[in-house]
Structures are given as structure tokens and as C-alpha cells.
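Remember, predicted model here, so these are calculated numbers, not experimental data.
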Amino acid sequence: MRMDKKAESNAVKQERALLRKKKTAVFLLTFCFYLGLAAVDSACSEMTGHPGSLILKTVRIDKDQIAVSFLGKETLVNTDRFFNTFYRFKNSHAKMLTDMHEELPFPSRTL
């Protein structure tokens, strides 16, 4: 009777291990497929001079502009404008947080 339970538990463990191996194999095959597809797409876009169709690609045009292409669409990003907006957002929220901490003091330790 005890051997039957042990044999059953071993069979269940082996079945789970086999399922885990199958899942890992499917993941690796899918990952390698997309990695190869991205490499081919990148090489084709470099040869033809057109933006890539599948992968995210960034190219710095000059000091203030970056060209971003994804899924065949290309756009220019003005980095100065982007960083100015980001710093303004960061500063306004930092001021808001310091005001909130001054108004509502939080305990330094929790019990």
C-alpha cells in the first residue's frame, strides 16, 4: 500500500517535470523566433534605408532631435522640449509633496 502511494507521487512529480520542460521549450522557441525576426528586420531596414517594420528603433538626428520608428511608423522627438516638460512636471510635484509633508506630518516609525 505504501509503495503504491510512493509510486503515484513519483509519477505525479515526473509528469510535472515533463510539463515544465515542455513549457520551457516552447518559451525558448518563441523567444528565438522573435529574436531572429528582429535581427532580420533590423538588417533589412539598414540595407534599404527605410524604418523597421517590427522593432523599436531610435536614431539621433542631431543634438535636439531623435527619430523613433516602430511598426513602420516614424516620428521625430524634440528632446529639449521633452526634458523641459519633464523637469517642470518633476519640480511641481516635488513642491506639492513637500507641502503635503509639512501639512500632514507622518510618523517616523510604525508599530
Side-chain angles (χ1 to χ4, degrees):
M1 183 99 168
R2 231 176 137 179
M3 292 300 276
D4 291 336
K5 287 187 178 184
K6 194 172 190 179
E8 285 179 21
S9 68
N10 283 341
V12 169
K13 286 180 184 178
Q14 287 177 351
E15 186 176 326
R16 286 182 183 166
L18 181 63
L19 186 61
R20 191 177 313 121
K21 289 177 185 175
K22 286 180 181 179
K23 286 180 181 179
T24 304
V26 168
F27 170 76
L28 286 175
L29 286 173
T30 307
F31 181 74
C32 289
F33 171 75
Y34 283 113
L35 188 64
L37 194 62
V40 168
D41 182 58
S42 177
C44 287
S45 69
E46 286 178 9
M47 286 191 315
T48 60
H50 289 65
S53 298
L54 302 173
I55 60 173
L56 175 67
K57 185 175 180 182
T58 59
V59 178
R60 181 168 289 279
I61 303 296
D62 59 7
K63 181 184 170 209
D64 297 334
Q65 290 186 342
I66 294 176
V68 178
S69 64
F70 184 62
L71 296 176
K73 306 287 184 187
E74 187 172 12
T75 185
L76 291 174
V77 178
N78 187 349
T79 56
D80 278 342
R81 184 174 168 209
F82 175 78
F83 284 122
N84 287 339
T85 306
F86 175 75
Y87 289 131
R88 191 174 68 238
F89 179 78
K90 181 179 151 187
N91 292 336
S92 67
H93 282 68
K95 184 179 182 311
M96 182 185 72
L97 286 176
T98 55
D99 291 345
M100 187 172 75
H101 279 288
E102 289 172 0
E103 292 174 8
L104 302 171
F106 294 110
S108 59
R109 277 194 309 192
T110 348
L111 298 174

- Query: Do R88 and T85 have side-chain heavy atoms sitting under 4.5 Å apart?
  - Reply: yes
Here the pair of heavy atoms bringing K63 nearest to T79 is O-OG1, 3.6 Å
The side-chain contact (heavy atoms from CB on, under 4.5 Å) partner of L19 among R16, E15, K23 is K23
Tracing side-chain contacts under 4.5 Å among Ile, Leu, Val, Met, Phe, Trp and Tyr outward from L18 reaches none
Sorted by chain and residue number, the side chain to side chain contact (heavy atoms under 4.5 Å, CB included) partners of L76 (sequence neighbours excluded) come out as I61, Q65, A67
By side chain to side chain contact (heavy atoms under 4.5 Å, CB included), D80 pairs with (sequence neighbours left out) D64, N78
By side chain to side chain contact (heavy atoms under 4.5 Å, CB included), L37 pairs with (sequence neighbours left out) F33, Y34, L54
Hits for side chain to side chain contact (heavy atoms under 4.5 Å, CB included) against N84, two or more places apart or cross-chain, chain-then-number order -> none
Apart from F83 itself, members of its ILVMFWY cluster (side-chain separation under 4.5 Å) are F82, F86, Y87
